[in-house]
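None of these values were measured; they are calculated from a predicted model.
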Amino acid sequence: MKRKRCDMEETTKKKKVMTVIGSAIEELSVLSIAKTTILTTETEATNIINLPLMPLLSFCKLIVQVLDKIGPTMAVLRQDIDQNIERLEKMWETDPIVYSNLVEILRKEAKEGSSKKPKSCSRAAFWLTRAVDFTLALLQRLVKDMSQNMQQAVEESYNLTIKPWHGWISCAAFKVALRLVPNNNTFINVLAGKDESYQMVQDDIRSLISLLIPLLSQLHSILELYEVHKLKST
């Protein structure tokens, strides 16, 4: 009986890894193990020790897959995410040991006075955080009511998390593309694994949300510490 239960748990685990939501849960579980530590010192009021960069970027790549399932509406945001991931990866490649920690990258640019430049890694981290904000807001709406209007859910999530930081050109492009959002059933079906029910998808989304909330709290604290939490699009 015990062996049968273990086999069933292993089968479930493998199935989840095959879905975007399941893969995202695994990536965030890695991040949750390596939690950020905050210390107070005489020289630096708040010293955030570690937020692993590469697991964070791996998760952001999964966000791109979710956005792909929403359709062309998210094309601009998807492109921004890809570019910001690439920018941070290039910084990591210059010193994989030091820059395995996102905070070290932000600290370096803060000391150089380059944090707010158009092509800075700090700006890349800011926009990736906004993309995660959007993802969380959308998933929270979906899990609350799986039958709600998808276009409305996407629009409300965008207005809350990204629109305040976008310029008018990006806002106008989003408004036009919003008409291409798929219906609710189509979106949920592409998120689900084979033979996965709406209830199972809903449970997976709840698990993902529970991991996203503390991650975003850490990211926003880091951005605020280095004063790059209110950047506008260039």
Side-chain angles (χ1 to χ4, degrees), residues 9-38 48-70 74 77-78 80-82 84-89 91-92 96 99-106 121 124-144 146 153-154 157 160-162 187-188 190-193 196 199-225 229:
E9 290 175 353
E10 184 66 20
T11 300
T12 301
K13 182 178 178 182
K14 288 180 180 179
K15 181 183 70 174
K16 283 193 173 185
V17 172
M18 293 175 63
T19 68
V20 176
I21 298 296
S23 297
I25 290 171
E26 286 215 336
E27 291 294 345
L28 285 188
S29 296
V30 173
L31 272 170
S32 67
I33 292 171
K35 289 182 179 178
T36 301
T37 303
I38 302 178
I48 301 179
I49 302 300
N50 186 44
L51 182 58
L53 176 64
M54 298 312 288
L56 175 62
L57 297 185
S58 294
F59 170 70
C60 289
K61 290 175 182 178
L62 291 170
I63 289 180
V64 171
Q65 294 182 37
V66 175
L67 297 180
D68 280 344
K69 299 180 189 309
I70 298 176
M74 293 289 104
L77 182 57
R78 183 195 192 285
D80 285 344
I81 293 174
D82 283 336
N84 291 324
I85 289 173
E86 183 179 359
R87 192 179 306 165
L88 286 164
E89 283 179 336
M91 175 64 80
W92 173 80
Y99 298 135
S100 63
N101 180 6
L102 173 63
V103 179
E104 291 302 325
I105 297 176
L106 301 189
C121 287
F126 169 85
W127 283 110
L128 286 178
T129 301
R130 292 302 171 194
V132 179
D133 281 332
F134 169 82
T135 303
L136 174 61
L138 179 60
L139 292 177
Q140 286 175 325
R141 281 165 172 74
L142 285 176
V143 81
K144 185 177 180 180
M146 298 287 277
V154 171
S157 300
L160 178 67
T161 60
I162 297 178
F187 182 68
I188 298 300
V190 295
L191 284 182
E196 200 168 28
Q199 184 60 54
M200 293 170 71
V201 175
Q202 197 172 29
D203 290 343
D204 283 349
I205 291 175
R206 285 198 181 98
S207 297
L208 182 55
I209 287 172
S210 70
L211 293 168
L212 275 173
I213 291 173
L215 171 63
L216 277 168
S217 177
Q218 293 173 355
L219 283 169
H220 283 292
S221 295
I222 293 170
L223 294 176
E224 187 171 358
L225 175 64
H229 58 300

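- A donor-acceptor pair is defined here as one N or O able to donate and one able to accept, closer than 3.5 Å; such a pair exists between the side chain of Q202 and the backbone of V143.
- In this structure, H229 and R130 approach most closely via the heavy-atom pair O-NH2, 3.2 Å.
- The CG atom of L212 lies 5.5 Å from the CG atom of L136; values are rounded to the nearest 0.5 Å.
- For the pair M91 and Y99, the tightest heavy-atom approach, listed with the atom from each and the gap, is O-CD1, 3.3 Å.
- The shortest non-hydrogen separation linking I25 to D204 is CD1-O, 3.5 Å.
- Contact annotation: the side chain of T161 never approaches that of L138 to less than 4.5 Å [non-hydrogen atoms, C-beta and beyond].
- Between F187 and V66, some side-chain heavy-atom pair lies under the 4.5 Å cut-off.
- Contact of the L128 side chain with the L57 side chain is registered, since non-hydrogen atoms from C-beta on lie closer than 4.5 Å.
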Next item on the list: Show the numbers, then the answer: is there a side chain to side chain contact (heavy atoms under 4.5 Å, CB included) between V201 and L142?
Entry: CA-CA 10 Å; V201 175; L142 285 176; over 6 Å; no
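- Between the CD atom of E104 and the CG atom of N50 there is a distance of 9.0 Å, given to the nearest 0.5 Å.
- Residues C121 and L88 form a side-chain contact, since some pair of their non-hydrogen atoms from C-beta on lies under 4.5 Å apart.
- Taking CE from M146 and CD1 from I188, the interatomic distance works out to 4.0 Å, rounded to the nearest 0.5 Å.
- Contact annotation: the side chain of I162 never approaches that of D133 to less than 4.5 Å [non-hydrogen atoms, C-beta and beyond].
- A distance of 11.5 Å separates CG in L28 from CD1 in I209, rounded to the nearest 0.5 Å.
- In this structure a side-chain-to-backbone donor-acceptor pair under 3.5 Å is present from N101 to L51.
- I222 has its side chain within reach of V103: a pair of non-hydrogen atoms, C-beta onward, lies under 4.5 Å apart.
- For R141 (side chain) and A137 (main-chain N/O), a donor-acceptor pair under 3.5 Å exists by modelled atom type.
- For the atom pair CD1 of I105 and OG of S100, the computed distance is 8.5 Å after rounding to the nearest 0.5 Å.
- Checking side-chain atoms of S217 against main-chain N and O of I213 turns up no donor-acceptor pair under 3.5 Å.
- Taking the side chain as every heavy atom from C-beta outward, W127 and I81 never approach each other to under 4.5 Å.
- P55 and E27 get closest at one heavy-atom pair: O-OE1, 3.9 Å.
- To the nearest 0.5 Å, the span separating CD1 on I85 from CZ on F59 amounts to 10.5 Å.
- I63 places none of its side-chain heavy atoms less than 4.5 Å from the side chain of F134.
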